[in-house]
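The structure appears below as structure tokens.
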Amino acid sequence: MSAPVPHTAHDPLERERAHLSSSRSALRAMRADVESLDIKDVTANWVNAAVLQSQIEDRIAALADLAHTPLFFGRLDYLHAPGAEQAEGAEGEQPAAGGSSTDTFYIGRRHVHDADGDPMVIDWRAPVSQPFYRASKKQPMDVRLRRRFGYTGGELTAYEDEDLTDAAGDEQASRLLQSEIERPRVGPMRDIVATIQPEQDEIVRAGIGGSVCVQGAPGTGKTAVGLHRVAYLLYAHRERLARTGTLVIGPNRSFLQYIEQVLPALGELNVAQATVDDLVAHVEVRGTDTAAAARIKGDARMAEVLRRAVRSGVTMPVDPVVVVRGSRRWRVPAYEVEEMVRELLSRDIRYGAARDALPQRIAHAVLVRMEEAGEAPDDRVQDAVARNAAVKSAVKSLWPQVDPAKLVLRLLSDAEFLAEHAEGILDAEEQAEILWDRPARGVKSAKWSAADAVLVDEAADLVARTPSLGHVVLDEAQDLSPMQYRAVGRRCTTGSATILGDLAQGTTPWATSSWPEALTHLGKPEATVEELTMGFRVPREVIAYASRLLPTIAPGLAEATSVREAAGDFTVRAVEPADLDAAVLAACVSALGKEGSIGLIAADARIAALADVLTAAGLPFLSPGEETSADARLTLVPATLAKGLEYDYVVLDEPSAVVSGEPAERTGLRRLYVALTRAVSGLTVVHAAPLPGQLG
């Protein structure tokens with residue numbers, strides 16, 4: 001492999017720059033063509049016109065040329081021109097590489113063609129692009145040359161060639177690839193499309209038919225892999241997912257703000273993003289639970305308690321149902337109606353669907369009697385009988401409507417009602433733990449907790465089926481309770497899922513202990529579990545230091561390694577208690593003298609004091625999720641919000657306070673593990689109290 005080639009007047013860089021310029025011009029022309037479309041007389045009505053206009057606006061946005069985002073980042077020179085089946089594009093598209101007319105392909109973030117329709121840049125998701133990520137000297141995949149490009153501020157400044165025909169040569173790490181991985185970043189997460197590794201690419205391109213669970217150590221790129229998987233599936237199965245929808249679920253709003261630009265940079269604008277709390281927002285959350293109450297409410301056993309409670313209002317008939325039509329009276333005896341009710345109860349169908357079916361069952365029994373009497377009723381008669389006042393009255397009495405929020409309100413307020421339906425499931429102490437101290441007067445006045453909202457969502461699904469999406473990405477999944485897993489699983493019962501997480505970073509009282517258990521609650525027990533242990537972002541010394549905690553917080557979990565050649569800046573600094581704030585401030589000032597983003601991570605209880613220190617020193621700072629800029633590159637991060645975020649330089653304040661800020665030591669050590677692994681280029685640990693013994 002050659003070293004990165006700087007610009008001279010005699011190298012091919014000028015030709016590559018010329019191709020970049022031509023490609024950008026072609027992209028602008030593609031956008032101009034869409035902007036010039038006249039749809040005045042194309043559609044039949046204003047509704048169709050509005051839909052078409054919206055689609056055009058999305059297309060225009062997707063064709064935007066992002067000045068500081070390289071249009072292409074690599075080139076493949078094939079030994080033989082790929083066939084049309086390898087070069088073809090996504091569902092419903094024409095071949096993306098023009099069939100077998102060329103053996104050279106520029107790989108980039110989106111497809112770009114010239115005025116004749118010939119490709120100038122190939123989408124990274126196209127089959128012909130796959131060897132860019134997977135080809136090696138041992139398995140060249142018919143590639144002769146792989147070229148990587150280096151950029152500075154959006155300008156093409158270098159290239160690097162790898163001859164894959166030299167099978168005897170040694171595999172060498174790409175300097176440009178290493179530089180891109182380690183490049184400082186100011187702002188939210190960017191895409192990793194130029195640096196995707198073979199093991200990541202396998203996950204990204206996995207088929208839509210199955211679900212995938214990714215156990216990823218810090219810095220292994222699991223979040224970016226999940227987002228790129230969405231982008232790939234939307235490319236390969238666009239029509240299907242356009243009908244069924246996609247959703248990315250993150251742990252909190254700060255995290256979603258952090259990742260929100262990745263998919264738009266790849267041209268995917270219509271992927272919804274939400275937290276689990278957003279999904280279950282049937283009631284206004286204004287209260288909090290104790291850790292013990294939250295753990296019980298999040299336990300999968302609550303699903304059976306709710307199932308019993310939802311069906312508790314169903315009663316058996318005492319009197320027959322008598323339907324009057326004209327001069328005739330049709331009688332369905334109580335024992336026969338009871339058989340209908342019991343049969344519906346025995347079936348595993350939603351409460352509301354069964355309630356809708358009962359009047360039709362009763363009406364059918366009436367129609368049988370009509371036919372026996374010589375009449376010839378049709379379906380219209382059956383529907384009319386089902387709407388008869390006597391039938392409706394019977395159904396209202398036997399199978400009453402259920403309001404999910406009111407049901408959960410009663411369950412958490414009425415000790416006798418809870419005891420009746422939790423018998424044999426929750427013991428007396430557990431029942432007492434989850435009961436509200438003060439029963440609420442109504443749904444709106446109740447101080448619902450986040451765990452209560454999940455229970456309402458479960459009850460709502462027992463009454464009426466939750467609509468399913470085509471694909472769901474669930475990030476930081478290790479922190480979900482079994483009931484939260486069920487809530488997410490309801491959103492992809494007929495679709496697939498990508499589950500991302502790290503068992504070592506589970507910091508909730510109900511954090512999952514194994515992926516098979518979690519996947520069972522999610523309703524995807526057949527999902528494939530893939531493990532990513534090769535880190536690309538966290539420096540070698542930092543990940544090794546944090547991994548000292550693994551035997552305590554996640555026994556048996558493989559220790560992460562790092563491909564980073566540079567050890568990174570790593571310092572552990574002990575100071576006197578009186579000097580702690582000044583030492584933290586000095587570490588922040590030192591980090592600000594370097595390029596990139598800085599995160600000051602501290603126990604939540606220390607955030608207010610540190611904010612005062614920074615303000616007094618005149619250092620501007622941001623909150624998690626806010627975009628950094630040249631004027632404000634320092635973010636003050638509560639330890640509870642650090643998960644999923646990363647910064648070029650991290651200053652970690654008082655690790656012992658991070659640990660003691662959690663109700664259990666193991667949870668606190670996991671929180672510390674998260675905080676230690678947010679650094680990309682350097683980590684400074686400042687402490688006055690003794691470090692946890694595991695860090696030795």
Side-chain angles (χ1 to χ4, degrees), residues 301-426 442-443 455-466:
R301 294 176 297 165
M302 289 299 300
E304 176 59 23
V305 175
L306 288 166
R307 192 190 70 83
R308 293 180 181 179
V310 165
R311 296 181 170 213
S312 63
V314 177
T315 58
M316 296 303 154
V318 176
D319 301 316
V321 177
V322 180
V323 176
V324 178
R325 282 184 61 83
S327 60
R328 303 292 299 270
R329 293 164 58 88
W330 306 99
R331 181 176 180 275
V332 182
Y335 77 87
E336 190 172 338
V337 177
E338 180 176 343
E339 289 177 357
M340 299 175 194
V341 173
R342 292 191 182 280
E343 193 272 335
L344 288 171
L345 282 173
S346 69
R347 298 179 60 189
D348 187 23
I349 59 176
R350 298 298 192 278
Y351 183 90
R355 189 179 190 278
D356 292 339
L358 182 57
Q360 291 291 335
R361 300 289 180 90
I362 296 173
H364 178 72
V366 171
L367 258 65
V368 169
R369 285 162 173 74
M370 289 181 175
E371 290 171 349
E372 290 173 348
E375 296 189 16
D378 56 19
D379 291 344
R380 289 174 297 177
V381 174
Q382 179 168 328
D383 289 340
V385 172
R387 295 191 300 269
N388 182 273
V391 175
K392 291 170 68 175
S393 176
V395 170
K396 183 178 180 180
S397 172
L398 302 174
W399 206 290
Q401 286 187 329
V402 169
D403 181 297
K406 290 181 179 179
L407 179 85
V408 176
L409 179 69
R410 183 182 178 191
L411 198 66
L412 298 176
S413 303
D414 187 333
E416 292 184 3
F417 188 67
L418 176 61
E420 178 185 355
H421 302 298
E423 183 180 359
I425 301 176
L426 304 179
V443 170
L455 298 181
V456 175
D457 190 71
E458 179 83 24
D461 185 71
L462 288 167
V463 174
R465 184 182 299 277
T466 304

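Annotation: side chain of D383 is in contact with side chain of Q360 (closest heavy-atom distance under 4.5 Å).
Residue P333 comes nearest to P320 through the heavy atom pair CA-CB, 3.8 Å, listed as atom of the first residue, atom of the second, then distance. For P317 against A334, the heavy-atom pair with the smallest separation is CG-O, 3.3 Å. Between L409 and V443, the closest heavy-atom pair is CD2-N, 3.9 Å. Looking at every heavy atom in both residues, A354 comes nearest to L344 through O-CD1, 3.6 Å. For the residue pair R369 and A365, the shortest heavy atom distance occurs at NH1-O, 3.1 Å. Heavy atoms only, all atoms of each residue included: A309 and L407 are closest at O-CD1, 3.5 Å.
A side chain to side chain contact (heavy atoms under 4.5 Å, CB included) with R350 is found for one member of D356, D461, L462, V463 and no other, namely D461.
Within 6.0 Å of CD on E375 lie more than 12 heavy atoms contributed by other residues, nucleotides or ligands. A 6.0 Å sphere centred on CG of D379 holds no more than 12 heavy atoms belonging to other residues, nucleotides or ligands.
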Q | Worked verdict on E336 versus R342 for salt bridge (Lys or Arg N to Asp or Glu O under 4.0 Å) | A | CA-CA 10 Å; E336 190 172 338; R342 292 191 182 280; over 6 Å; no
Q: Verify side chain to side chain contact (heavy atoms under 4.5 Å, CB included) between W399 and T315, making sure each step is shown before the conclusion.
A: CA-CA 7 Å; W399 206 290; T315 58; over 6 Å; no
Q: Mind running side chain to side chain contact (heavy atoms under 4.5 Å, CB included) on L418 and L412 for me, showing each step along the way?
A: CA-CA 7 Å; L418 176 61; L412 298 176; 5.8 Å; no
Q | Criterion side chain to side chain contact (heavy atoms under 4.5 Å, CB included) on E458 and M302, from CA distance to verdict | A | CA-CA 9 Å; E458 179 83 24; M302 289 299 300; over 6 Å; no
Q. Can L345 and M316 be said to form a side chain to side chain contact (heavy atoms under 4.5 Å, CB included), step by step?
A. CA-CA 11 Å; L345 282 173; M316 296 303 154; 3.9 Å; yes
Q.
Run E304 and R307 through salt bridge (Lys or Arg N to Asp or Glu O under 4.0 Å) and show every step you take.
A. CA-CA 5 Å; E304 176 59 23; R307 192 190 70 83; 3.0 Å; yes
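Between the side chain of S393 and the backbone N or O of A389 there is no donor-acceptor pair closer than 3.5 Å. R329 places no side-chain N or O within donor-acceptor distance of the main-chain N or O of R325, the cut-off being under 3.5 Å. Using modelled atom types, no side-chain atom of R410 and backbone atom of F417 make a donor-acceptor pair closer than 3.5 Å. Checking side-chain atoms of R308 against main-chain N and O of H421 turns up a donor-acceptor pair under 3.5 Å. R361 places no side-chain N or O within 3.5 Å of a backbone atom of M340 that could act as its donor or acceptor partner. A side-chain donor-acceptor contact under 3.5 Å links D378 to the backbone of V381.
K392 contributes atom NZ, which lies 14.0 Å from atom CG of L358 (distance to the nearest 0.5 angstrom). Summarising the geometry, atom CE belonging to M370 is positioned 10.0 Å from atom CD belonging to Q382; distances are rounded to the nearest 0.5 Å. Distance check: D457 CG to L306 CG gives 10.5 Å after rounding to the nearest 0.5 Å. A distance of 8.0 Å separates CG of L411 from CG of L455, quoted to the nearest 0.5 Å.
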